[in-house]
Structure formats: structure tokens, C-alpha cells
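One structure is given below, encoded as C-alpha cells.
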Amino acid sequence: MLSGLNLEQKAAVEHFGQPLLLLAGAGSGKTKVLTHKIGYLIREKSIKPHRILAITFTKKAAQEMADRVERMLAIKPRSISTFHSFCVRVLREDIAALGRKFDTKFIIYDQTDSKKALKDILKRFNISPKELDAVQKTISKAKQAYRGGIVEYILALPFPQNQYAEAANTYQRELEQSNALDYDDLIHHTTHLFVTRPEVRGKWQDRYDFFMVDEFQDTNEIQYSLIKLLSARNRDNIFVVGDPFQTIYTWRGAVPENILKFGREFNATEMRLEKNYRSTRKILDVANIVIGKVDRIWADKVLTLRTDKEEEGEVEYCKAAEHDEENRRIAKKIMELASTKTRSYADMAVLIRMSFLSRGLESSFMQYGIPYEIVRGLAFYERAEVKDLLCYLRLMSNTRDRAAFDRVVNTPSRGIGKKAVEVITGNFKTDWIQALQDAGFSARQRVSANALISLIMKYGAMVEEKPYTVLMGLIQGLNYLEYVKEQYKEDHEERIENISELCNVLLSIETKGKTFSEFMEDNLLASDQDRISMGESVKIMTVHAAKGLEWPIVFLPALEEGIFPSERSLESGAALEEERRLFYVACTRAKEGLYLSSAGYRMKFGRTSQMLPSRYIGEIKESYFSFGSDSSSSHL
DNA sequence: CTTAGGAAACTTTTT
DNA sequence: GTTTCCTAAG
């Protein structure tokens with residue numbers, strides 16, 4: 001269990017009997033430690049595999065850990081999951097104990113669903129839609145803080161946030177009515193359950209003997225509380241891993257100080273991994289230069305990455321006149337590297353600060369015939385035609401789902417517009433079928449409403465088990481393909497392609513015997529990383545999505561003030577610190593080659609504006625090398 | 001209630 | 001350059 005580990009890694013694996021805080025730098029082999037630790041606990045400490053709860057940041061990380069453990073021990077560990085999927089597991093079992101309208105078939109609202117719902121509510125409360133993001137953020141903050149009631153928490157905030165309390169309350173009631181939870185609710189309601197229902201808490205506490213949390217710097221306040229609650233009966237059997245310098249999620253509530261808090265409150269032993277096994281020397285030098293200056297509270301936690309690698313590796317910076325040229329140069333470099341036989345396209349990734357940057361890269365890669373793949377969120381499931389159809393299935397599966405109802409009720413148009421929907425909403429008692437039945441309509445609307453009702457009722461009973469069959473019937477019943485041809489004249493072929501792809505996906509779900517709800521849940525809890533294919537292609541993705549991953553060759557384009565660091569971060573010191581950490585994360589993804597670049601001019605909102613090279617370039621140049629000032633491309 | 005057309009707003013980062 | 005919003009005619 002200890003073979004192939006260095007001294008520090010070994011010490012962390014063998015440590016037992018007291019909480020352990022492991023500060024693990026980028027590429028220092030922390031996944032190795034985590035998996036060997038699981039193996040060690042099972043083999044040496046006779047802890048049952050399913051009694052070890054390991055929390056990771058993404059499903060992909062969980063999957064990878066589970067695979068490695070399985071290869072090592074031929075045992076499939078069942079309790080490696082993300083915070084969100086762990087909470088889903090708890091709630092599927094015990095949500096009734098909350099004493100609300102939810103039942104175990106609750107659904108999860110994604111960002112779009114919850115934004116739509118909230119937008120509607122804001123109208124009713126005469127709050128400007130401009131404040132939508134602020135309201136959503138406030139609600140999220142209230143849920144993450146977990147100080148009793150959400151409404152009370154918001155009321156206690158300063159103006160104008162305290163004005164959002166009523167809207168927040170309505171939002172929560174609507175979610176409940178829809179049997180729906182948003183991402184924050186998953187964790188909030190679970191914690192609430194554990195706090196208020198000792199018997200539920202006790203049951204879950206007793207299920208586990210050992211706790212592990214990865215990426216601890218990215219936990220938020222409520223996740224910390226949740227872990228503390230869960231481990232209360234086994235306070236010594238907890239192991240957390242983190243790196244304060246890879247904190248890149250404070251904007252969504254991550255509290256890196258949780259690392260310090262954990263050290264204090266759990267009286268944890270602290271260990272470090274500073275030896276880097278990933279990157280060559282030049283790459284680490286660059287990363288260390290940029291991360292050099294950090295907040296004082298972290299002064300004694302600084303990890304300086306070291307390597308024994310003989311190879312120097314390559315770091316290059318290239319300044320192009322404008323973004324098209326930059327993209328062309330990247331494409332050329334990729335072609336050049338790929339032609340050497342030692343490199344394949346799959347060895348390379350382009351990491352970007354903002355997703356719109358992928359467009360230019362995409363068109364230049366297309367021109368050069370470079371196989372590429374843009375890794376991004378739910379793109380496919382967000383296509384209008386795909387979402388329409390899925391919302392029909394959602395509504396069949398859960399006739400309380402308001403977001404699905406709103407989308408479906410008049411798509412394709414059936415004469416039930418805004419006014420009519422208001423009438424229906426006023427009639428809502430138990431579910432949308434009932435509301436449709438009870439609404440007073442004109443004769444024509446009655447006919448369409450009844451058609452919709454019978455369509456939903458016809459398939460309602462079988463949608464879970466036979467989603468593909470239902471989808472096919474639905475497309476027929478709605479004459480949906482005709483509607484798409486009519487509605488989207490220009491690109492209807494592509495859209496029909498998408499629908500056909502959706503059919504394929506649901507067919508495979510149906511053949512595998514998975515239910516529709518399981519399929520939806522999988523998708524909603526998946527991370528960007530879960531959508532990366534193994535294919536022979538250059539991956540283009542955001543730096544955030546690349547966290548925890550590595551490639552031999554990494555390109556970092558658009559290193560310009562206003563892009564990286566981003567425009568919005570320029571006003572705040574804390575935000576700039578986070579940009580710096582993000583840049584550090586980006587650099588440390590590379591094993592052998594790191595290609596930095598910027599452009600002098602870039603298109604923004606369809607206008608060309610002048611750009612200055614990022615401050616990070618300046619810092620690297622200054623402390624690293626003599627640099628031909630006119631040369632457009634330099635080796636470091 | 002629907003549709004078409006033009007204006008306005010818009011880009012961080014995501015489980 | 002693209003998506004969303006708004007208005008007015010049918």
C-alpha cells in the first residue's frame with residue numbers, strides 16, 4: 001500500500017488517530033495519497049470500503065479515485081462523491097423528514113431554471129430585472145451561510161439586499177411547489193435536516209467511520225458545517241487535502257480560510273507535499289514567480305514547488321498584432337508539434353479565461369484542419385429544441401415542475417399566451433394538469449389545453465422507464481419536426497440533427513435500464529470535466545474547467561489586461577489575488593511545454609480595442625530573463 | 001395571441 | 001458579433 005510513495009506521501013497515508021490537514025501543491029501527487037489512504041484504511045485498519053466517505057470537487061475526480069482504488073484492491077468503493085451528489089443521496093432517502101411539500105422524487109433546477117423562475121417573481125415584486133443577478137447571489141449567499149431561515153438572513157442584510165427577502169421567500173415557495181431544489185438547496189436542506197432532526201443526523205453519522213475531503217480550499221461555509229456535523233462522532237478520523245493557492249472559487253462562496261479553521265477546530269496535524277512530479281523546471285519557475293506574492297495570512301503556508309526533473313521544458317511567449325494572428329500562430333504551433341510523432345493532438349490543451357475566446361480559436365483550428373473539442377457546460381442540453389423536448393418529459397415525470405410547464409405550455413404555440421398562463425397559474429393547486437383542467441378558457445384554448453393534458457397523461461406513466469419511446473411518440477404527437485422546420489428556417493437541419501442526437505442518448509438510457517430522472521440528475525450534477533472525451537483532439541476549455549487536469553503541452557492565449565486578469569477583477573484587491581491564483585493554476589497544468597501569448601488588438605462587442613499584455617507577462621519577463629524587446633516570440 | 005423587425009444589452013469563472 | 005428585449009401591426 002505504501003510502494004511508490006515518497007516519504008511525505010507515506011507519512012500522510014500512514015497517519016492515523018488524529019485529524020490530518022495535508023497542504024498539497026499542484027502536481028504533488030495528492031490523488032495518489034488519497035487513493036492509497038483509502039487502500040491503507042481498508043487493508044491495515046480494517047475499515048469497510050463503504051464506511052469511508054470521500055468528498056471530491058467534481059464527479060470526474062470521484063470517478064478517477066474510485067477507478068484507481070478498484071485497480072489497486074479490486075474493490076469498488078461506493079462512497080466517493082461530490083458534496084452535491086452526497087446530499088442528493090441523503091435527501092432521496094430522508095427529505096420527508098423536512099416536513100415540507102417535497103417528496104423523494106424531487107428534481108434539481110439548474111441555473112437557467114432558477115433564473116427564469118426568479119425573473120418572473122421579480123416582475124411581480126416590481127424589482128428591476130437588472131437586479132436579477134444581485135438577487136440570485138443574495139439568495140445563494142443566504143443558503144450558503146446557513147444561519148437559520150433564509151428570509152431572516154436576508155432581512156438582516158444592509159440595503160438594498162434586505163429588499164429581496166419577499167422575493168426570496170416566494171422563490172423558495174415556488175421551488176417547493178414544484179418539488180424542485182436548486183444547487184444551493186441540495187446542501188442547505190441537507191444541513192438543515194441534520195441540524196433539526198437528530199435521528200436523521202445520527203443515522204448518517206453512523207454510516208461512516210472515516211471522512212476525506214479533497215480541494216478543501218474550495219469548500220464554502222455550509223459545506224464546512226456539513227462535514228463537521230457528519231464527522232462529529234468520529235472527529236479523529238478525518239483527512240482533508242487542500243492548497244490555498246489554488247483557490248479559484250471564492251466568487252461562488254468558497255472560503256479558503258476553512259483550511260485554517262479546520263486546523264484550529266479539529267486540532268489537526270499539518271503536513272505538506274511540495275515536490276512536484278508534473279512539470280519541468282521552467283514551467284515551475286514561471287508558476288512560482290507569479291504566485292510569489294500572497295496574502296499575509298497565508299505566509300506560513302506558502303508551498304514552493306520543486307522538481308527533480310532533468311528536462312528544462314519549454315516556456316514561450318508570443319505577442320501577436322491582433323487576435324486572428326494570435327490564433328493562427330497557435331494553430332501553426334500545434335501543427336508543428338503534432339507533426340513530430342512524439343506528440344499527438346490529445347497531448348495539447350488551450351486554456352482560456354473566458355469562454356467567448358473559444359470562437360476565434362475554433363475558426364482558426366477549422367481552417368488548419370486541427371481536430372479540436374470545445375469543452376463547455378450543458379451546451380447541447382441548452383439548445384432550444386433539446387430543452388423543449390426534455391421539458392415535456394420533465395413535466396410528464398413531475399407534473400408539479402413549473403419551469404418545465406412554463407416552457408412547454410405554448411411551445412409550439414397553441415394559443416395559450418401570457419394572459420392564459422396567468423389564469424392557469426392562479427388555478428394551481430396540486431399540479432399543472434389540474435391547473436390546466438380548472439382554468440376558465442375560451443373554447444379554442446380549451447381544445448388546445450385538453451390536447452396538451454391528454455398528451456402528458458398518455459405518457460406520464462411510462463416516461464421514467466421508456467424515455468426514448470415517449471420521446472418518439474411526443475415528436476409525432478406534437479408534429480415537432482414540422483414545427484422546427486417552420487420556426488427555424490435557416491438552420492433547421494442542424495436542429496433536427498440535435499433532436500436525433502437526443503433520441504440516441506435517450507435510447508441508450510432506455511436500453512441500459514436507467515430511468516429518465518436518473519439521466520437528468522446525472523447531467524445536472526456532472527461537471528465540465530465529465531464532458532471531456534478521450535478523443536484524439538486538442539481540448540479548448542476555461543482555466544476553471546481545467547483544474548486538477550494536466551497535459552504535456554498547454555497554451556494560454558489572450559494574456560491581456562482586462563482578459564486575464566479580467567476587467568471586473570481590476571477594481572478589487574481580493575479579486576486580483578484570485579486572478580493570480582487562477583493564472584498559477586493555469587501554468588501548473590503543463591508538463592513539458594507552456595505557450596503564453598497575447599494580442600495587441602482584440603475584438604470586443606464587435607469592436608476592435610487595443611490591449612496591453614497582462615501584468616503576469618511583465619512579472620515573468622522582469623524576474624526571469626533578458627528579452628529581445630522587439631522580438632515577437634521569445635524563449636524563456 | 002402571434003410575428004417580425006429593430007434596438008439594446010451583453011461576456012467572467014460553475015456544482 | 002450575438003442574443004435578448006420591446007413594440008406595433010396582423
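Below, read A as the first sequence line, B as the second, and so on, with proteins coming before strands; counting in each chain starts at 1. Just so you know, these numbers use all the heavy atoms, side chains as well, and skip hydrogens, waters and symmetry mates.
- Within residues 116-125 of chain A, no residue approaches DNA chain B, by heavy-atom distance under 4.0 Å.
- Proximity of A:Asn220 to the phosphate of B:dT15: no side-chain N or O atom is located under 4.0 Å from OP1 or OP2.
- Taking the nucleotide of DNA chain B with the nearest heavy atom to each of A:Leu357 and A:Gly415, the more 5' of the two is matched to A:Gly415.
- Taking the six-membered ring for Trp, A:Tyr483 and A:Tyr480 have ring centres closer than 6.0 Å.
- Under the salt bridge (Lys or Arg N to Asp or Glu O under 4.0 Å) criterion, A:Arg446 pairs with no residue at all, not counting sequence neighbours.
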Donor-acceptor pairs are to be reported for all side-chain atoms of residues 408-425 of chain A against protein atoms at under 3.5 Å, with residues two or more places apart or in another chain.
from, atom 1, to, atom 2, distance (Å)
A:Asn410, OD1, A:Arg414, N, 2.8
A:Asn410, OD1, A:Gly415, N, 3.4
A:Asn410, OD1, A:Ile416, N, 3.3
A:Asn410, ND2, A:Ile416, O, 3.2
A:Thr411, OG1, A:Arg407, O, 2.5
A:Arg414, NH1, A:Tyr392, OH, 3.4
A:Arg414, NH1, A:Val408, O, 3.0
A:Arg414, NH1, A:Val409, O, 2.7
A:Arg414, NH2, A:Tyr392, OH, 2.9
A:Thr425, OG1, A:Val421, O, 2.7

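- Listed by residue number, the members of residues 572-583 of chain A with any heavy atom below 4.0 angstrom from DNA chain B form an empty set.
- Side-chain contact check for A:Glu215 and A:Gln217: at least one donor-acceptor pair (N or O, by modelled atom type) lies under 3.5 Å.
- Donor-acceptor pairing under 3.5 Å is lacking for the side chains of A:His544 and A:Tyr249.
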Protein N or O to nucleotides 8-10 of chain B N or O, pairs below 3.5 Å:
none

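- Taking A:Glu257 as the reference, nothing meets the salt bridge (Lys or Arg N to Asp or Glu O under 4.0 Å) condition, with sequence neighbours excluded.
- Among the nucleotides B:dT11, B:dC1, B:dT13, the one closest to the side chain of A:Phe356 is B:dT11.
- Within 4.0 Å of A:Tyr249, counting heavy atoms only, lie sugar-phosphate atoms of the nucleic acid but no base atom.
- A side-chain donor-acceptor contact under 3.5 Å links A:Ser81 and A:Arg89.
- Comparing the same atom, C1', in B:dT11 and in C:dC6 gives a spacing of 22 Å after rounding to whole Å.
- No side-chain donor from either of A:Glu64 and A:Thr31 sits under 3.5 Å from a side-chain acceptor of the other.
- Look at A:Ser355 and you'll find a side-chain N or O under 4.0 angstrom from OP1 or OP2 of B:dT13.
- For the ring-ring contact (aromatic ring centres under 6.0 Å, His included) test, no residue two or more places apart in sequence or in another chain qualifies with A:Phe441.
- Listed by chain and number, the residues in a ring-ring contact (aromatic ring centres under 6.0 Å, His included) with A:Tyr372 amount to none (sequence neighbours excluded).
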Treat a base pair as Watson-Crick or G-U wobble with both distances under 3.5 Å, then lay out DNA chain C in dot-bracket form, 5' to 3', with | for cross-strand pairs.
||||||||||
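- With sequence neighbours left out, the ring-ring contact (aromatic ring centres under 6.0 Å, His included) criterion links A:Phe102 to A:His189.
- In this model, the phosphate group of B:dC1 is not approached by any side-chain N or O of A:Ser413 to a distance below 4.0 Å at OP1 or OP2.
- Scanning DNA chain C 5' to 3' for nucleotides with an atom closer than 4.0 angstrom to a non-hydrogen atom of chain A gives a first and last hit of C:dG1 to C:dC5.
- Across all strands, A:Lys604 comes closer than 4.0 Å to no nucleic acid atom at all (heavy-atom distances).
- Among residues two or more places apart in sequence or in another chain, the salt bridge (Lys or Arg N to Asp or Glu O under 4.0 Å) test is passed with A:Glu497 by none.
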